[in-house]
S.K.: 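I'd like to ask you about the structure that follows.
Both backbone and side-chain heavy atoms feed into the values below; hydrogens, waters and symmetry mates do not. Start at 1 with the first residue, then count along the sequence.
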Amino acid sequence: MARFDYLEDRPKKGKKKAKTPNPAPDGRTPGQTAERLEAVYVRKETVRAVWREFKRDGGESVSELVEDLLLRWLRERA
């Protein structure tokens, strides 16, 4: 098995694949935000360790922490 084979979208045997909703005029499907997201792969152990420390310090969203860190890195490079 290759490293990320488990992420492939394979329909399970005996189950029908759900229909894709009709896209909105701007290309989004219902429930999507206007801002596109991209998957980023990080070790589960790393995310869980960061989440525990962040939560202990009173933080709520690791996603916001990651975005803040990436934006700070970009600003420092400019």
S.K.: Strictly by side-chain hydrogen bond (donor to acceptor under 3.5 Å, both in side chains), give each pair with a member in residues 45-59 just once, sequence neighbours left out.
M.R.: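 Those involving residues 45-59 are Glu53-Arg56.
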S.K.: Can you list the residues that meet the side-chain contact (heavy atoms from CB on, under 4.5 Å) rule with Leu65, with sequence neighbours excluded?
M.R.: Val50, Phe54, Leu69
S.K.: The criterion is side-chain hydrogen bond (donor to acceptor under 3.5 Å, both in side chains); which residues satisfy it with Arg77, sequence neighbours excluded?
M.R.: none
S.K.: Going by the salt bridge (Lys or Arg N to Asp or Glu O under 4.0 Å) test, which pairs reach into residues 64-74, not counting sequence neighbours?
M.R.: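 Pairs touching residues 64-74 that pass the test: none.
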S.K.: Please give the remaining members of the hydrophobic cluster of Val42, linking ILVMFWY side chains under 4.5 Å, ordered by chain and number.
M.R.: Val40, Val47
S.K.: Apply salt bridge (Lys or Arg N to Asp or Glu O under 4.0 Å) to Arg75 and list each qualifying residue two or more places apart in sequence or on a separate chain.
M.R.: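 Counting only residues at least two positions away or on another chain, Arg75 forms no salt bridge (Lys or Arg N to Asp or Glu O under 4.0 Å).
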S.K.: Does the side chain to side chain contact (heavy atoms under 4.5 Å, CB included) test come out yes or no for Val62 and Val66, once each step is laid out?
M.R.: CA-CA 6 Å; Val62 173; Val66 170; 4.2 Å; yes
